[in-house]
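One structure below.
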Amino acid sequence: MPLEKRFNSKITIVLNRQADEISKAFKKYMNERKSDDIDEKEAEREAEEISNNIYKTDEGVQTITKSLLPLYINAAELGNEFFNNIHFTNEGEGTLFAIIREDYLQWLNEYGAEQVVNINTTTKELTRRIIKDGLLKGDSIDSISKELSSKIKQYSKARAVNISQTEIHNSFMKANFLTANKSGFKYKRWLSARDESVRLDHKAYDSLGWVEFGYMYAPGLEYPGDSRANVSQVARCRCVLRYAVEREG
């Protein structure tokens, strides 16, 4: 999906920039200091202290969210378009994205910020582990700094794929669900990809058939990709919904 590739590219740039900034901040904070003969407990304490001082999980949230905004909007427009193409047959029918735009942006304002903080939290934990391992091995400041940059960038390749697939799908389905609600649909049906990669619980949701619009498939999970649900339910999900005004057989 071209949009996922664009999101992947953008989030990779963000994560790689973070890696370089953390590496430079570490060197500046340590000021060429080296820790010798350090035990694991002391390494843990120092790594925690250093990572807390050089990296804040709420830094850059607005900047990152703003840079990703056009891609989130694009995904939402596609979710709206997908709904209209499936549920309306005549040109000019359907619910315009403009109708749900305000509700979608209100959701995105909170959701996007939370996701950036989650991404930053994972980066910070990786930073702490790399520093701790380097201190335990007695590595030089330069060596640990290089490790921070290279390992965070290496780890970010897989993270970027996972993040882009999850974020685009979640945004797509949020707009899709909002459009169905605004259009007056009363029932929904979960449709999985129906292959070997589908989660067992998502297969179970698929087998339920038609349910009322407000039905919760799991805590916080009103539709595929629902940001209120546990991450195990939404990460890299590919499921969608069909909607109906009246319950179908």
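As the structure is a computational prediction, the values presented were derived from the model and not from experiment.
- Remark: side-chain polar atoms of S67 are paired, donor with acceptor, to backbone N or O of I64 under 3.5 angstrom.
- To the nearest 0.5 Å, atoms CZ (R129) and CG (L126) are separated by 5.0 Å.
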Notebook entry, point to check: side-chain contact (heavy atoms from CB on, under 4.5 Å) between I99 and L96: does it pass, once the steps are laid out?
Noted result: CA-CA 6 Å; I99 302 297; L96 297 175; 4.2 Å; yes
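- Using a 4.5 Å heavy-atom cutoff, the side chains of E46 and E42 are in contact.
- F82 and M173 fall within a single hydrophobic cluster, where Ile, Leu, Val, Met, Phe, Trp and Tyr are joined by side-chain heavy atoms under 4.5 Å apart, directly or via other members.
- Ring orientation note: the planes of F172 and H169 are close to parallel, at an angle under 30° on the 30°/60° scale.
- Taken from CG in N85 to CD in E81, the straight-line distance is 5.0 Å, to the nearest 0.5 Å.
- Of all the heavy atoms in A43 and L136, the pair that sits closest is CB-CG, 3.6 Å.
- Here the CG-CD distance, from L178 to E102, works out to 11.5 Å after rounding to the nearest 0.5 Å.
- Within 6.0 Å of NZ on K186 lie no more than 12 heavy atoms contributed by other residues, nucleotides or ligands.
- Rounded to the nearest 0.5 Å, atoms SG (C239) and OH (Y217) are 10.0 Å apart.
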Item checked: Q165/N8 under side-chain hydrogen bond (donor to acceptor under 3.5 Å, both in side chains): CA gap, chis, key distance, verdict -> CA-CA 8 Å; Q165 290 181 351; N8 187 322; over 6 Å; no
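- Between the side chains of Y243 and N176, at least one donor-acceptor pair of N or O atoms lies under 3.5 Å.
- The two residues Y111 and N170 make their nearest non-hydrogen contact at OH-ND2, 3.1 Å.
- Judged purely by atom type and a 3.5 angstrom limit, R199 uses its side chain to pair as donor or acceptor with the backbone of S232.
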Next item on the list: List the steps and the verdict of side-chain contact (heavy atoms from CB on, under 4.5 Å) for I144 and K27.
Entry: CA-CA 9 Å; I144 296 175; K27 288 185 71 172; over 6 Å; no
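- No chain of hydrophobic side-chain contacts below 4.5 Å, direct or via other Ile, Leu, Val, Met, Phe, Trp or Tyr residues, connects I13 to I119.
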Note to self: If you apply the rule side-chain contact (heavy atoms from CB on, under 4.5 Å), what do you find for L71 with R6, and how did you get there?
What the structure shows: CA-CA 8 Å; L71 301 176; R6 287 163 53 201; 3.3 Å; yes
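- Rounding to the nearest 0.5 Å places CD1 of I54 at 9.5 Å from CE of M30.
- Test I163, I168, N162 against T166 for side chain to side chain contact (heavy atoms under 4.5 Å, CB included) and you get one pass: N162.
- No path of Ile, Leu, Val, Met, Phe, Trp and Tyr side chains, each step under 4.5 Å between heavy atoms, connects V234 with V198, placing them in separate hydrophobic clusters.
- The existence of a salt bridge linking K132 and E40 is confirmed by a sub-4.0 Å separation between a basic side-chain nitrogen and an acidic carboxylate oxygen.
- Listed for the T122 side chain is a donor-acceptor partner under 3.5 Å among the backbone atoms of N118.
- The shortest non-hydrogen separation linking S164 to E4 is CB-O, 3.6 Å.
- When each of E110, E114, E222 is paired with R228, the salt bridge (Lys or Arg N to Asp or Glu O under 4.0 Å) condition holds for E222 and for no other.
- Among the candidates T12, D20, N16, the single residue satisfying the side-chain hydrogen bond (donor to acceptor under 3.5 Å, both in side chains) test with K153 is D20.
- Residues satisfying the salt bridge (Lys or Arg N to Asp or Glu O under 4.0 Å) test with D58, not counting sequence neighbours, are none.
- For OH of Y215, the number of neighbouring non-hydrogen atoms (other residues, nucleotides, ligands) closer than 6.0 Å is greater than 12.
- In this structure, a donor-acceptor pair under 3.5 Å is present between the side chains of Y205 and Q233.
- Side chain to side chain, S23 and S145 meet the donor-acceptor criterion of an N or O pair below 3.5 Å.
- Ion pairing between R17 and E21 fails under the 4.0 Å rule for side-chain N and carboxylate O.
- No side-chain heavy atom of L221 sits less than 4.5 Å from a side-chain heavy atom of M216.
- Under the 4.0 Å criterion applied to side-chain N and carboxylate O atoms, K137 and D139 are assigned as salt-bridge partners.
- A salt bridge links D103 with K182: the closest approach of a Lys/Arg side-chain nitrogen to an acidic carboxylate oxygen falls below 4.0 angstrom.
- Side-chain contact between S227 and K174 is absent, with no heavy-atom pair separated by less than 4.5 Å.
- Atom OG of S140 is separated from atom CD of E147 by 10.0 Å, given to the nearest 0.5 angstrom.
- At distances below 3.5 Å, not a single donor-acceptor pair connects side-chain atoms of N80 with backbone N or O atoms of T179.
- Judged purely by atom type and a 3.5 angstrom limit, N74 has no side-chain atom pairing as donor or acceptor with the backbone of P70.
- Under 3.5 Å, the side chains of E77 and Y104 contain no donor-acceptor pair of N or O atoms.
- Nearest heavy atoms, I131 versus F26: CD1-CD1, 3.9 Å.
- A distance below 6.0 Å separates the ring centres of F177 and F213.
- Using a 4.0 Å cut-off between a side-chain N of Lys or Arg and a carboxylate O of Asp or Glu, R128 and E125 qualify as a salt bridge.
- Applying the side chain to side chain contact (heavy atoms under 4.5 Å, CB included) test between W190 and each of V240, V211, L241 identifies L241 as the sole match.
- Screening P224, S197, S192 for a side chain to side chain contact (heavy atoms under 4.5 Å, CB included) involving R238 leaves a single residue, S197.
- Atom NZ of K24 has 12 or fewer neighbouring heavy atoms from other residues, nucleotides or ligands inside a 6.0 Å radius.
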Checklist line | Verdict with reasoning, F185 to F83, per ring-ring contact (aromatic ring centres under 6.0 Å, His included) | finding: CA-CA 11 Å; F185 283 66; F83 172 87; 5.2 Å; yes
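- Closest of all the heavy-atom pairs between T95 and S183 is OG1-OG, 2.5 Å.
- Here the shortest heavy-atom pairing between L135 and A47 reads CD1-N, 4.2 Å.
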Next item on the list: Decide yes or no on side-chain contact (heavy atoms from CB on, under 4.5 Å) for R159 and T123, but give the supporting numbers first.
Entry: CA-CA 10 Å; R159 284 183 72 199; T123 302; 2.9 Å; yes
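- At least one donor-acceptor pair closer than 3.5 Å links the side chain of T121 to the backbone N or O of V117.
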Next item on the list: Go through the steps to decide whether K124 and N52 satisfy the test side-chain hydrogen bond (donor to acceptor under 3.5 Å, both in side chains), and finish with yes or no.
Entry: CA-CA 8 Å; K124 182 177 179 180; N52 284 339; 2.6 Å; yes
Notebook entry, point to check: Yes or no on side-chain hydrogen bond (donor to acceptor under 3.5 Å, both in side chains) for Q115 and Y72, after CA distance, side-chain angles and deciding distance?
Noted result: CA-CA 12 Å; Q115 291 309 103; Y72 276 117; over 6 Å; no
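- Using a 4.0 Å cut-off between charged nitrogen and carboxylate oxygen, E48 and R45 do not count as a salt-bridge pair.
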